[in-house]
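Some notes on the structure that comes next.
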Protein chains: 2
Amino acid sequence: MAATDSAQQLREAILERFDELSPRLQQIGRYILDDPNSAGVETLAVISDRTGAPPSAIVRFAQTFGFNGAASMQRLLKDQLLAARPESGYHRRAREFLEGAEDTPLPGPVDLLAEFAGASALALEHLLQSVDHDRFEECVAMLREAETVHVAGFRRSFPVAAYLAYSLQRGGKRAILVDGIGGMAGLQANRIGKGDLLVGISFSPYADEMVSLAEHVAQAGTPIAIITDSPVGPVAKPANCLLQVRDTEVRGFRTLSGSMCLVQALAISYAFELTKISA
Amino acid sequence: MAATDSAQQLREAILERFDELSPRLQQIGRYILDDPNSAGVETLAVISDRTGAPPSAIVRFAQTFGFNGAASMQRLLKDQLLAARPESGYHRRAREFLEGAEDTPLPGPVDLLAEFAGASALALEHLLQSVDHDRFEECVAMLREAETVHVAGFRRSFPVAAYLAYSLQRGGKRAILVDGIGGMAGLQANRIGKGDLLVGISFSPYADEMVSLAEHVAQAGTPIAIITDSPVGPVAKPANCLLQVRDTEVRGFRTLSGSMCLVQALAISYAFELTKISA
DNA sequence: GGCTATATGGAATATGTGTTCCATTAACCG
DNA sequence: CGGTTAATGGAACACATATTCCATATAGCC
């Protein structure tokens, strides 16, 4: 078997011969295709852990593809990793964007991707500073004490709400996504009980559904946590706890990175408190 | 010993104390500042060769900055390079324990938020390099040519799909979110026409709905674009265009930052091509 | 120039790594 | 159902690596 001499060739070889590989070797091949960087740098024990395949199988895999051992294969992948980034593309593009480079009249798709990545990273950078730490912990406490958590978000905020509901469920919390499908937001709202919690996510321009939902729930005396961009917005008033997030904007499209990151952290914090108590 | 816990902090620490370091240690510090990637991955012997400093000096350098040894420092730099999966969970804990780690006893909510923000930012930083540029542009072209775009994603991928559908609509594209509510994914699939496009988003463990949906649509001859984490996963086969994304992981919870950013960029790129043509 | 304190390199060591080999298991086919 | 082949996991091994330790060199100071 002729030894592979470039990382790209190796990838292609694995793809080509993938079907005829044994299950174990497929397992290892999949890992290398999915994450060639880790595969090239991590120790065999770590790879073994992540793939579930014993070290000897990894060596066998490498030999199957013409290498002397796993070490040779890793050298290939490692070189590829190091060669690929001499302070490359991203930083330059991101910087150009942040400096307000108007000199690129026709940004291609990849440029836009770079812009967006830069803007998102920027949003995350400011997230820690803009979010009130005490409020954040307070919000986690509210999650903990709630019987059931109802999560609501419309239009642009809907994906964020969906993810929060999903994550809370995965963390063992009873969570319901108020999606308002078929105009049933009102009906769903009526099912929010006294010991429950409503988490509302809404940004300017605020969806009417969210505003009325929050006011309605507030009148029932149910606790409300709100994630929004302004403490004086219409959805902020009924909130018992308010988390302020400021997302960045690119060419008229606002990022979701900040909000997404925030709700992810919320869900994880909740899940983590459980394990801390049980431990 | 005040242990550094992020690569950026280490860089700053080296810069700050640089002048008061001994010549040899400066030599090593310079190398780490110049090429942190190699410094994190290469063996001590190699670094020794390149810097001219003996291995023991490298160890001493690491200890000067609060690490137990060179290995700990390299782990930090390596994680920065790989971005995803900062040597997750079990192994790191075990090692920290064996090394007598006194830190990270119990991370509070704010710590988790910080961790998450950091991990997400890193994921974004590496997104450009991990995404195949040609494929990305190809995918935008497919969006442009499609009559109607159907977006599908289940479980964890649902928020991503929801946002892509929303963004495309805002960008003037006829887009439909295949949400499978009430088990109607099958019915919705039948409405996907020949000139349409299916964008499927799915990550391991792959939802059965997505796999069968993709296969079903592929048989009808409809073009398919897939956003996933593995080129050999079950959803990858029917794809005409495949975008590979590797999301970061924090304490067992995977981030959505990479995928979200990618679909946002997709939608914007599409919208932008329209304005370019009309301009 | 002697003395002290610090810096340094290299040999010895201990730990961890990749690799080999073989017993065992599973799959396949007659 | 027996026999053959391929696949697999794990223990033993050999190797390389990071680390420690100490003898030596260097610089600073009285």
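The sequence lines fix the lettering, A, B, ..., with proteins before strands; numbering per chain opens at 1.
- With salt bridges taken as basic N to acidic carboxylate O contacts below 4.0 Å, none links B:E215 and B:K237.
- The CG-C1' distance, from B:L21 to C:dA7, rounds to 13 Å in whole Å.
- A straight line from CG of B:N68 to P of D:dA18 spans 15 Å, rounded to a whole angstrom.
- Whole-Å rounding puts the B:L44 CG to C:dT17 C1' distance at 14 Å.
- Going from atom CZ of A:F61 over to atom C1' of D:dT8 covers 16 Å, rounded to whole Å.
- The phosphate of D:dT8 (OP1 or OP2) has a side-chain N or O of A:S22 nearer than 4.0 angstrom.
- Of all the residues in residues 23-30 of chain A, A:P23, A:R24 reach under 4.0 Å from DNA chain D with at least one non-hydrogen atom.
- With contacts defined as side-chain heavy-atom distances shorter than 4.5 Å, the pair B:F136/B:L262 qualifies.
- Residues B:D247 and B:S257 bring no donor and acceptor atom of their side chains to less than 3.5 Å of each other.
- Remark: A:D34 does not engage B:R246 in a salt bridge, criterion side-chain N to carboxylate O under 4.0 Å.
- In this entry the distance linking CZ of A:R75 with P of D:dA16 reads 11 Å, nearest Å.
- Between the CD atom of B:Q74 and the C1' atom of D:dT17 there is a distance of 10 Å, rounded to whole Å.
- Protein atom CZ of A:R60 is 11 Å distant from nucleotide atom C1' of C:dT20, rounded to whole Å.
- Between A:Q63 and the phosphate of C:dT20, there is a side-chain N or O to OP1/OP2 separation shorter than 4.0 Å.
- The distance between atom CD1 of A:I58 and atom C1' of C:dT19, rounded to the nearest whole Å, is 12 Å.
- Of the two residues near DNA chain C, B:E20 and A:A71, the one whose nearest nucleotide lies more 5' is B:E20.
- Across all strands, B:A57 comes closer than 4.0 Å to no nucleic acid atom at all (heavy-atom distances).
- When the nucleotides C:dT19, D:dA18, D:dG9 are ranked by their closest atom to the side chain of A:A70, C:dT19 comes out on top.
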**Message:** Determine whether B:Q9 and B:L76 satisfy the following criterion, side-chain contact (heavy atoms from CB on, under 4.5 Å), listing intermediate values before the conclusion.
**Reply:** CA-CA 10 Å; B:Q9 283 177 19; B:L76 200 71; over 6 Å; no
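- Closest approach to the A:S56 side chain among C:dC21, D:dA18, C:dT17 is made by C:dC21 (side chain taken as heavy atoms from C-beta onward).
- If you check the side chains of B:R155 and A:Y166, you find no donor sitting under 3.5 Å from an acceptor.
- The shortest distance between side-chain heavy atoms of B:L82 and A:L81 falls below 4.5 Å.
- Among the protein residues, B:E42 comes within range of no part of the nucleic acid, since none of its heavy atoms lies under 4.0 Å from any strand.
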